[in-house]
Visitor: 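Here it is, the structure in full.
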Amino acid sequence: MQQAKKITINDIKEKKAKSEKIVSITAYDALMSSIFDGEVDIILVGDSLKMSFGGDNETLGATMEEMLYHTKAVCNGVNISFVIADMPFGSYATKEIALKNALRFYKETRADAIKVEVGLDKIEIVKALCNEGIAVMAHIGLMPQYARFEGGFKIKGKDATQAEILIETAKQLQVAGAFGILCEGIKTDIAKRITESIDIPTIGIGAGKYCDGQILVWSDAFGFFDRFKPKFVKRYCNGKEMLQYAIREYADDIRLGRFPSEKESY
Ligand code: KIV
């Protein structure tokens, strides 16, 4: 259902209290964000753009300048949905660096919040950002920015120790001031326990059905990215095939002299 007015951080937080699911998707430009605007609660300008948009195998190469550019573009297409900008790898390594870079998202774009991939060791960074008035979504579990460090994309919450650490991390992030937790690649029962342990909403991706909301990368959801399909992805259309069909039609039209016709000529 299309929303009518700009969604705020309070609307996002209230949804959990009202047991209303939070619908989220990524976007990297104004063209896509204007299509998704108002249809979803949250639009994330994810650093996944390095993979689905830039063709990389990982997200680590995203720079501040790239994320600012794409966040501006996404905001240009949005009037209603809540926009979150992903802070790229290395841009929140210390409190000072994090503050300097997060402030850039607030000053140079119209993003409503930022997202950081964090564990227990980075709670103080989240606290420092929140104290400065920056709305923070904390990303826990499978953190793509740690892919090289961990030797790949690893599902989390598989053993009791990992599970307890994740739950404790979520609790501490809530105390630090995060307004929401993005749970990626976490066993369903552990994501459920995280969701039940905190008052702020959880948004899941590969974390089962008990999270307060869900997110997918748009090019996965609509079948434009087909290099691989993670188990958690549901495809809602076959975008790549549709577009391939259209580009072939276009090419045939030109080659056969069917385009432009009188109708498209001055
Ligand atoms: O960068 C991104 O798109 C993300 C999603 C995996 C949620 O963080």
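Each ligand, and each atom within it, is numbered from 1 in the order the structure gives.
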Visitor: Please determine whether the number of non-hydrogen atoms from other residues, nucleotides or ligands lying under 6.0 Å from atom CZ of Arg255 exceeds 12.
Guide: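 Atom CZ in Arg255 is not crowded, with 12 or fewer foreign heavy atoms closer than 6.0 Å.
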Visitor: Taking distance alone, with no angle check, do Asp86 and ligand 1 share an N/O pair under 3.5 Å?
Guide: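 The answer is yes, given that Asp86 and ligand 1 share an N or O pair closer than 3.5 Å.
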Visitor: Before giving the answer on side chain to side chain donor-acceptor pair (under 3.5 Å), spell out for Thr8 and Asp11 the whole-Å C-alpha distance, their side-chain angles and the decisive distance to 0.1 Å.
Guide: CA-CA 5 Å; Thr8 67; Asp11 299 320; 3.2 Å; yes
Visitor: If the plane angle is over 60° it's perpendicular, under 30° parallel, otherwise tilted; pick one for Tyr250 and Phe259.
Guide: tilted
Visitor: Please check if any side-chain donor atom of Gln145 sits under 3.5 Å from a side-chain acceptor atom of Tyr92, or the reverse.
Guide: yes
Visitor: What is the nearest protein non-hydrogen atom to atom 4 (C) of ligand 1, stated with its residue, atom name and distance?
Guide: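 Residue, atom and distance for the closest contact: Leu44 CD2, 3.6 Å.
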Visitor: Does the side chain of Ser265 pick up a donor-acceptor pair with the side chain of Glu262 at under 3.5 Å?
Guide: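 No pair is found: no donor N or O on one side chain lies under 3.5 Å from an acceptor on the other.
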Visitor: Select one of side chain, backbone, both or neither to describe which atoms of Thr59 lie under 4.0 Å from any atom of ligand 1, heavy atoms only.
Guide: neither
Visitor: Which of parallel (below 30°), tilted (30 to 60°) and perpendicular (above 60°) describes Trp218 and Phe222?
Guide: tilted
Visitor: So is Lys115 close enough to ligand 1, meaning a heavy atom under 4.0 angstrom away?
Guide: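 The answer is yes, since Lys115 has a heavy atom less than 4.0 Å from ligand 1.
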Visitor: Side chains of Ser48 and Tyr28: do they bring a donor and an acceptor to under 3.5 Å?
Guide: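 On atom types as modelled, these side chains qualify, holding a pair under 3.5 Å.
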Visitor: May I ask you to list the atoms of ligand 1 that are less than 4.0 angstrom from any heavy atom of His139?
Guide: 8 (O)
Visitor: Within ligand 1, which atoms have a heavy atom of Leu182 less than 4.0 Å away?
Guide: 7 (C)
Visitor: Among all the protein's non-hydrogen atoms, which is closest to atom 6 (C) of ligand 1, and how far away is it?
Guide: Glu184 OE1, 3.4 Å
Visitor: Quick one: does ligand 1 sit under 4.0 Å from the side chain of Thr26, the backbone, both or neither, non-hydrogen atoms only?
Guide: side chain
Visitor: If we only count N/O pairs under 3.5 Å, is Ser48 in contact with ligand 1?
Guide: yes
Visitor: Taking 4.0 angstrom as the limit and counting only heavy atoms of Gly46, give me the atoms of ligand 1 inside it, by number and element.
Guide: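 Atoms satisfying the 4.0 Å criterion: 1 (O), 2 (C), 3 (O).
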